[in-house]
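Below, chain A is the first sequence line, B the second, and so on; all start at residue 1.
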Protein chains: 2
Amino acid sequence: MKVTISDVAKLAGVSTATVSHTINNTRYVSSETKEKVYRAIAELGYTPDASARSFRTGKKKIIGFIVPDIANKFFATMIESVEKYLSANGYQLIIANTRENMEREETNVRLLTAGMVDGLLVASTMEDFQRFDALIPTGFPVVLVDRIFDTKKFSSVCVSNFQPIYRSVCRLAAKGDRRIGIIGGLPRLSSTKERISAYRQAMADCALPEEEGLIQYGDSMEKSAQGCLDRLLERGCDAIIVCQGLMASETIIYLHQKGIQLSRDIDLVSFVDYDSEVYTLYADQMDSIIQPVEELGQAAGEQILKRVEDPEAPIFEKVLTSAYKPYSQPGSWSHSDR
Amino acid sequence: MKVTISDVAKLAGVSTATVSHTINNTRYVSSETKEKVYRAIAELGYTPDASARSFRTGKKKIIGFIVPDIANKFFATMIESVEKYLSANGYQLIIANTRENMEREETNVRLLTAGMVDGLLVASTMEDFQRFDALIPTGFPVVLVDRIFDTKKFSSVCVSNFQPIYRSVCRLAAKGDRRIGIIGGLPRLSSTKERISAYRQAMADCALPEEEGLIQYGDSMEKSAQGCLDRLLERGCDAIIVCQGLMASETIIYLHQKGIQLSRDIDLVSFVDYDSEVYTLYADQMDSIIQPVEELGQAAGEQILKRVEDPEAPIFEKVLTSAYKPYSQPGSWSHSDR
DNA sequence: GAACAAAACGTTTGCGCAAACGTTTTTCTC
DNA sequence: GAGAAAAACGTTTGCGCAAACGTTTTGTTC
């Protein structure tokens with residue numbers, strides 16, 4: 001039924017070793033013999049079985065990527081960029097979507113690390129490092145992406161969260177805004193924590209009164225920003241900072257629908273998805289923080305392959321920098337420096 | 001180093017067969033023995049090796065999905081929905097992104113069908129069925145998604161393309177529009193062909209003059225709609241039909257930037273991504289065609305698992321229906337009926 | 001308590017391939 | 001033309017597991 005390497009060997013009149021070496025270029029084979037082998041392969045329509053190969057070599061040529069939300073543009077773009085890098089290097093990509101659910105993350109990590117992939121990229125939805133760490137077999141190649149833990153146990157690739165938010169608050173304060181609200185993502189995530197802490201510190205440094213009600217948390221899922229906004233608007237904000245692209249779009253739409261005009265009625269600073277439609281329309285009325293998603297994806301791909309190929313490689317922590325685009329200087333882009 | 005089934009067997013004082021049967025529930029094992037086995041598994045931290053298992057059984061519990069553009073919201077949403085269905089049924093999903101490139105599609109299909117996955121979902125970028133067909137090993141479970149071929153060889157899941165466009169033209173014509181332009185996707189795709197042919201037929205049926213320049217093709221990638229629009233606007237259109245969500249967003253933004261107002265200056269009908277931001281903002285100024293992306297994804301998942309579990313199952317062709325939302329009746333939704 | 005069945009487990013094989021280990025043939029050297 | 005080296009290929013094993021095939025033990029019947 002299935003054509004195997006020994007069928008090829010038989011037809012070509014050589015040994016299976018020769019066929020194997022011919023295919024994989026792992027030993028010298030005379031060109032006449034190669035010829036015979038390739039002819040037999042073509043005649044039989046032989047394709048090496050990936051399962052058997054993986055089993056034999058222990059290499060699957062597959063990387064897993066645990067993502068909190070595939071349909072979120074931020075992650076979709078990152079997946080694209082990761083896939084691009086991996087496929088260019090002979091690897092395939094398995095996606096697992098946790099939908100910000102810890103149990104699903106556990107299930108998926110366990111499944112994938114049990115011999116299904118060579119390495120794992122994880123944008124974890126977990127807060128507790130112990131719980132995450134317990135899932136990873138000793139020595140298994142893992143790279144944390146976008147969301148990290150407070151240990152040096154795994155390599156990681158993320159973007160700076162503190163500086164852009166700190167800068168945002170300062171700019172708003174300098175503009176005369178006093179009551180600055182902020183909409184963060186899930187409170188348990190490292191990215192959210194860093195951003196909120198930057199907000200707090202900047203507020204203090206700018207001598208602006210802190211007020212717990214000015215800090216709201218959404219879950220970066222659909223319609224989560226509206227509730228946050230309602231609560232912020234009730235308190236009468238001069239400005240709002242949004243920590244996530246999807247919620248930024250919601251914010252803009254919601255304000256638009258309420259007849260609140262950006263920059264005239266309220267100041268807005270936000271993390272945005274670079275090519276999101278709302279961003280294109282409103283880029284000139286707000287400060288935008290644009291994360292280098294594609295670089296993030298590529299760096300993640302690089303790091304995981306590096307670890308897969310050399311599991312002893314030292315832990316590596318890469319922090320990329322977001323672009324900050326103030327609306328007052330359209331066209332001008334500046335890089336925050338951490 | 002690695003804990004295998006025989007390590008477990010040894011520690012539990014049973015045979016490997018018993019361990020295997022205990023894990024997989026494939027033979028009666030007394031509860032005391034089960035106890036011993038599970039205890040040994042826990043003590044050693046044993047996890048069955050997925051590679052070996054796949055190799056042995058021939059089942060990988062993985063489905064491949066060949067996608068033309070991951071970052072496109074339409075496909076990202078579909079991936080999400082496919083993944084949801086598959087993971088609920090114990091399968092993982094491998095993504096391959098072709099970026100609308102036929103060579104990449106060939107490479108990926110070949111790779112995945114060579115023992116890496118149990119079945120394949122394909123939204124093909126190819127026009128030539130022979131070329132596609134040549135890539136698929138005999139009997140390999142394949143389901144075509146969104147883009148189909150003119151044969152009954154593979155099962156498929158797609159949405160109706162003809163009816164919504166036909167209806168669009170009729171509505172525009174009834175409104176008095178004469179010069180109706182259309183922006184289609186890649187000319188080689190079945191979806192594009194059906195939509196354009198619906199346009200032609202409707203134009204003829206409505207006694208509107210055909211004009212080749214009114215038909216423009218974009219590639220559904222970034223910025224492709226602008227060129228089409230420039231050419232259409234040059235000809236002075238009363239109305240424009242856009243056949244794809246991403247290009248719809250571009251169109252709306254571009255018209256907005258040019259100061260052309262929807263419904264006052266020009267009529268717009270478009271396929272849109274349901275939760276896209278621009279759609280949310282402009283839904284009341286245009287006719288929208290909304291494809292049932294999630295149902296599409298789920299149906300695709302259902303079909304491919306059905307084929308994987310029974311390769312002899314009859315060919316199945318599912319055609320889903322898009323929702324048509326006329327802007328004149330906000331809130332009212334109607335279903336086109338093919 | 002012989003004969004037989006059912007319960008509960010063990011022994012062994014082979015999936016397809018890569019690669020360690022081995023053999024033969026050719027070529028070269030003096 | 002004997003001996004050694006290099007070239008070119010062959011034989012065999014085992015990766016970890018599932019399952020086909022076999023065996024032992026424990027009832028059960030008359």
To the nearest angstrom, the NZ-C1' distance between B:Lys60 and C:dC15 comes to 11 Å
Exactly one of B:Arg131, B:Arg147, B:Glu105, B:Arg188 clears side chain to side chain donor-acceptor pair (under 3.5 Å) with B:Ser124, and that residue is B:Glu105
A:Glu302 and A:Gln298: side-chain donor and acceptor closer than 3.5 Å? yes
Would you please indicate if the ring centroids of A:Phe132 and A:Phe149 are separated by under 6.0 Å? yes
Sugar-phosphate, base or nothing in reach of B:Thr57, heavy atoms under 4.0 Å: sugar-phosphate
Nucleotide by nucleotide, 5' to 3', does protein get under 4.0 Å of the base (B), only the sugar-phosphate (S), or neither (-) in nucleotides 6-14 of chain C, counting heavy atoms? --SBBBB-B
The nucleotide from D:dG16, C:dC17, D:dA19 with an atom nearest the side chain of A:Asp49 is C:dC17
What is the distance, to the nearest angstrom, from the NZ atom on A:Lys10 to the P atom on C:dG16? 12 Å
With sequence neighbours excluded, tell me which residues meet side chain to side chain contact (heavy atoms under 4.5 Å, CB included) with A:Ser15. A:Ala17, A:Thr18
I would like to know whether B:Val14 and B:Val19 meet side chain to side chain contact (heavy atoms under 4.5 Å, CB included); could you show each step before the answer? CA-CA 7 Å; B:Val14 298; B:Val19 177; 3.8 Å; yes
Please determine, by modelled atom types, if A:Gln303 and A:Ser155 share a side-chain donor-acceptor pair under 3.5 angstrom. no
Protein-nucleotide distance (A:Asn25, atom CG; C:dA19, atom P), rounded to Å: 12 Å
Just the rounded figure in Å: distance from P of D:dC17 to CD1 of B:Ile23. 7 Å
Name the closest nucleotide to the A:Ile5 side chain, picking from C:dC17, D:dC15, D:dC17. C:dC17
Tell me the interatomic distance from A:Lys59, atom NZ, to C:dA19, atom C1', rounded to whole angstroms. 15 Å
For the pair made of OH in B:Tyr46 and C1' in D:dG16, what is the distance, rounded to whole Å? 7 Å
How long is the line joining CZ of A:Phe55 and C1' of C:dG16, in whole Å? 9 Å
Over how many whole Å does the gap from A:Asp7 atom CG to C:dC17 atom C1' extend? 13 Å
Whether B:Lys153 and B:Asp133 form a salt bridge (side-chain N of Lys/Arg under 4.0 Å from carboxylate O of Asp/Glu) is what I want to check. yes
